[in-house]
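The block underneath contains the structure these notes are about, expressed in structure tokens.
In what follows, chains are A, B, ... by sequence order, proteins preceding strands, each numbered from 1. Fair warning: this is a prediction, and the values are worked out from it, not measured in the lab.
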There are 2 protein chains.
Amino acid sequence: MNRTNGGGGANLYALRGYNAALMLDLLRSAGRAGISRLELAERTGLTPQAVSKITARLRDDGLVAEAGRQASTGGKPRTSLRLVPEAGHAVGLHLERDELRAVLVDLTGAVVGERRGPLDLGAGSEAVVEVAAREVEGLVGGVDGELGAVLGVGVAMPGPLDHTHGVLHRVTGFPEWDGFPLRDALARRLGMPVVLDKDTNAAALGLAVEGEVGSFAYLHLGTGLGAGLVLGGAVHRGAHTGAGEFGHQVIQLDGPVCSCGDRGCIEVLCLGAVARGDVDEAARVLGAGAANLVGLLDIDLVLLGGRIVAAEPERFVRGVGAVLDARAQREGASSPVPVRVASGGEWGVAEGAAQLLLAPLFGRAED
Amino acid sequence: MNRTNGGGGANLYALRGYNAALMLDLLRSAGRAGISRLELAERTGLTPQAVSKITARLRDDGLVAEAGRQASTGGKPRTSLRLVPEAGHAVGLHLERDELRAVLVDLTGAVVGERRGPLDLGAGSEAVVEVAAREVEGLVGGVDGELGAVLGVGVAMPGPLDHTHGVLHRVTGFPEWDGFPLRDALARRLGMPVVLDKDTNAAALGLAVEGEVGSFAYLHLGTGLGAGLVLGGAVHRGAHTGAGEFGHQVIQLDGPVCSCGDRGCIEVLCLGAVARGDVDEAARVLGAGAANLVGLLDIDLVLLGGRIVAAEPERFVRGVGAVLDARAQREGASSPVPVRVASGGEWGVAEGAAQLLLAPLFGRAED
DNA sequence: GCCCTTTAGCAACAGCGTTGCTTAAGTGGG
DNA sequence: CCCACTTAAGCAACGCTGTTGCTAAAGGGC
């Protein structure tokens, strides 16, 4: 229980919600196998009786169900509890320059429906909102049978934008999008809550929920180079959703001119090397930036993703890893920061976008 | 009310402590003038009656007192409440290679006693602990009259160390300190709680408490170059207290060799320029690193400190500011990130160290 | 089959912030 | 000057939280 919610005081209602979210989060990580009431009590520090009461409420709400019994340890066996996946759903929308991906996920984050189609950001905001809305409606309507409440739509896009207000700042190449309130426009059109975030943040959130613990950086190497930062389990967006601008970090003073106007940005160096076919150099440059990040933030893990990484994953992991290993050796650290390819692949951003709506249920704060 | 305390559940006792800390924090920021119960209620979202109950408990504990009345706005005038400064004290200890500074501060953070003396880290751990302990005892004993409970001692030192366990990793130039459990040794010797942290973190904490809001970076340019990061009001230390290693960020790939063994670190470039007498170049290099930091973390403010900055404050502020201004212009941001010289001066680290013990009282989480 | 161990729930309870109302302490109009 | 009005602060009762004490349920081992 800490102060991050804008300095607000807490009453009994807040307390209840907090503990309920805590339980749900533990139940989610436990997965299909479930977790017993007593283990929930141990993990939270609450009394078993409190856990019984809280889980009873969650069962009444249909969010939690019993899932068999565990082996006895000499007495009455523990009853496992698990999340009810179909108790709630969320849509994740990944909008790119020329393509749209949409997923419908259940409460556990499992994908129960997906769609993919062309998109033209140049067609104007109204047309794009309409296309996106139709995809969402198709996805939600296309699933047969009873569908637990759809909590809303998470939208992930590249480029600078404002998560708090759901407004786009700029969409590279399409000045007509400047300042467009995408969140509210889509919410009004669909009649359900919408949350907007950067693609890299959505991907990082998805990875955090999937089980990556502690603090890590997700580096995305695609048409641009960006990062999603997870610090202490929460996505770090900064005051204006600007955090994670990894690509325009300068690592070569007075180096070649970058598209942003500065010189020696990691993006121009890295993508330049890729263009020359020198993947090892690209990985080395990326590694230097990653090492800067690791030192600055003391993170535990670096995850790589994006089209360019996907083309040669091992070489990038090896190249970035080499730089981090060298750094660890210089520092005398016991073990270097590991580097891996992010799971999720092409759908990772859309799945993470859906988590923008699920996360609050599990006590993952908005910031 | 958020989840940062290791996943623990919250009971009524935790709720009470949380709201009490919230009140104390608001009372502290209100300073000598105080703040009315109703304003506390507005700021926290709690009902006026709840505020009355909570502040009544705090008054019973002697932490809060009435401080006059405000002007009437047509009815009964509001009663101002303020912290009782002498209700608690803490010691801040700043240990450098060759010098020791110690301050005794009251609950509001005001300095009520200070000491300064030579120190030789090469004299060995036992001797240093003894010298430090004597300074603390002298400081605590030297204040006449009733002294509210001394909560403990905050110790700030350079170099890599582990805040969580209170253990030094390395002290540059003194290998015999490797792994020394300074926190526990000093705590045993003094019989009071001790908290250990990096000097830059202590300075940043002190600045955060002094009223710098939101997220900022404190860049310290002294014998080395380090940073203290405050994100969302809390010091970001990272998993192993390693965060803030700003100086060994590479900004000149394959540049000159640094003392750390890498090439093109900001520290070797910046201090090299200072050595050549080229302050403007040093400021430009520092600015490039600051711009990287601003982009990566989306912070609101950059504060400069340390001996070298103190020698030519305006030129550093101007030089770093110019780089950040150029960056803001490229980004099309409405206003550039401001740069200032950190208040606190030579005693800033020691004062911040004392806040390591006061901060928990005011709900400023340990991490 | 009995005893023991362990789990889960029922009932009473202390303590939290909230609600409804009363008292305190000012201002300002007639 | 006094009285009506406004605003602040506290008292009492209340609903709800997690906790405590105890009981019932359910399995294993001798």
Side-chain angles (χ1 to χ4, degrees), chain A residues 1 5 7-24 26-27 34-61 64-82 363, chain B residues 1 5 7-24 26-27 34-61 64-82 363:
Chain A
M1 194 164 64
N5 58 341
N11 54 22
L12 288 177
Y13 188 74
L15 181 74
R16 165 177 161 162
Y18 170 83
N19 282 334
L22 199 58
M23 298 281 157
L24 289 173
L26 289 170
L27 283 158
I35 183 174
S36 69
R37 290 175 178 82
L38 281 170
E39 197 176 348
L40 286 171
E42 281 170 25
R43 299 263 209 113
T44 58
L46 295 174
T47 59
Q49 182 59 28
V51 172
S52 277
K53 280 192 180 179
I54 294 167
T55 55
R57 281 198 302 262
L58 295 175
R59 281 194 300 162
D60 286 346
D61 296 343
V64 168
E66 298 199 339
R69 324 204 121 161
Q70 298 180 1
S72 166
T73 57
K76 177 174 175 177
R78 302 181 173 186
T79 312
S80 286
L81 300 173
R82 62 167 177 80
Chain B
M1 194 163 63
N5 59 342
N11 54 22
L12 288 176
Y13 188 74
L15 181 73
R16 165 176 160 162
Y18 170 83
N19 282 335
L22 199 58
M23 298 283 156
L24 288 174
L26 289 171
L27 284 158
I35 181 174
S36 69
R37 290 175 179 81
L38 282 170
E39 196 175 349
L40 287 171
E42 281 169 28
R43 300 263 208 113
T44 57
L46 295 175
T47 59
Q49 183 59 29
V51 173
S52 277
K53 281 192 180 181
I54 294 166
T55 54
R57 282 200 299 264
L58 294 175
R59 281 195 299 163
D60 286 346
D61 295 343
V64 168
E66 298 199 337
R69 325 204 119 162
Q70 299 179 3
S72 166
T73 58
K76 176 175 175 177
R78 303 183 173 185
T79 313
S80 286
L81 300 173
R82 61 166 178 79

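One N or O donor and one acceptor, one from the side chain of A:K53 and one from the base of D:dT19, sit under 3.5 Å apart.
When the nearest nucleotides of DNA chain C are assigned to B:R57 and A:T55 by heavy-atom distance, the more 5′-ward of the two goes with A:T55. Toward the 5′ end of DNA chain D lies the nearest nucleotide of A:L12, the other residue of the pair A:N19 and A:L12 mapping further downstream.
OP1 or OP2 of D:dG10 has at least one side-chain nitrogen or oxygen of B:R37 nearer than 4.0 Å. Between C:dT7 and A:S52, no contact under 4.0 Å exists linking OP1 or OP2 to a side-chain N or O. A sub-4.0 Å separation between OP1 or OP2 of C:dT18 and a side-chain N or O of A:N11 is present. Distances shorter than 4.0 Å separate some side-chain N or O of A:T47 from OP1 or OP2 on D:dT19. Under 4.0 angstrom from either OP1 or OP2 of D:dT7 there lies no side-chain N or O belonging to B:T73.
We find that CG of B:L38 is positioned 11 Å from P of D:dT7, with the value rounded to whole Å. Rounded to whole Å, the distance from CG on A:D60 to C1' on C:dG9 is 14 Å. As a whole-Å value, the separation of A:R78 CZ from D:dA25 C1' is 16 Å. Residue A:Y18 contributes atom OH, which lies 17 Å from atom P of D:dT17 at whole-angstrom precision. The nearest whole Å value for the distance from the CG atom in B:L81 to the P atom in D:dA8 is 13 Å. Spacing between atom CD1 of B:I54 and atom C1' of C:dC16 amounts to 9 Å, rounded to whole angstrom units. Rounded to a whole Å, the CG atom of B:L22 is 15 Å from the C1' atom of C:dC16. Straight-line distance from the CD atom of B:E39 to the P atom of D:dA8: 11 Å, rounded to whole Å.
A pairwise comparison of heavy atoms in B:G363 and B:A21 identifies N-CB, 3.5 Å as the closest pair. Taking all atoms of both residues into account, the shortest heavy-atom contact from A:A10 to B:Y18 is CB-CE2, 3.7 Å.
Picking from D:dG18, C:dG9, C:dG17 the nucleotide with the shortest atom distance to the side chain of A:A50 gives D:dG18. Distance from the side chain of A:Q49 is smallest to C:dC10 among D:dG18, C:dT7, C:dC10. Among C:dG26, D:dT20, D:dC16, the nucleotide with an atom closest to any side-chain atom of B:R69 is C:dG26.
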> Could you go step by step and tell me if B:R57 and B:I54 meet the side chain to side chain contact (heavy atoms under 4.5 Å, CB included) rule?
Replying inline: CA-CA 5 Å; B:R57 282 200 299 264; B:I54 294 166; 3.6 Å; yes
>> Does A:L12 form a side chain to side chain contact (heavy atoms under 4.5 Å, CB included) with B:L15? I'd like the steps, not just the answer.
In response: CA-CA 8 Å; A:L12 288 177; B:L15 181 73; 4.1 Å; yes
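Using a 4.0 Å heavy-atom criterion, one finds that A:S36 contacts no nucleic acid atom at all.
A donor-acceptor contact shorter than 3.5 Å is absent between the side chain of B:N11 and the backbone of A:L46.
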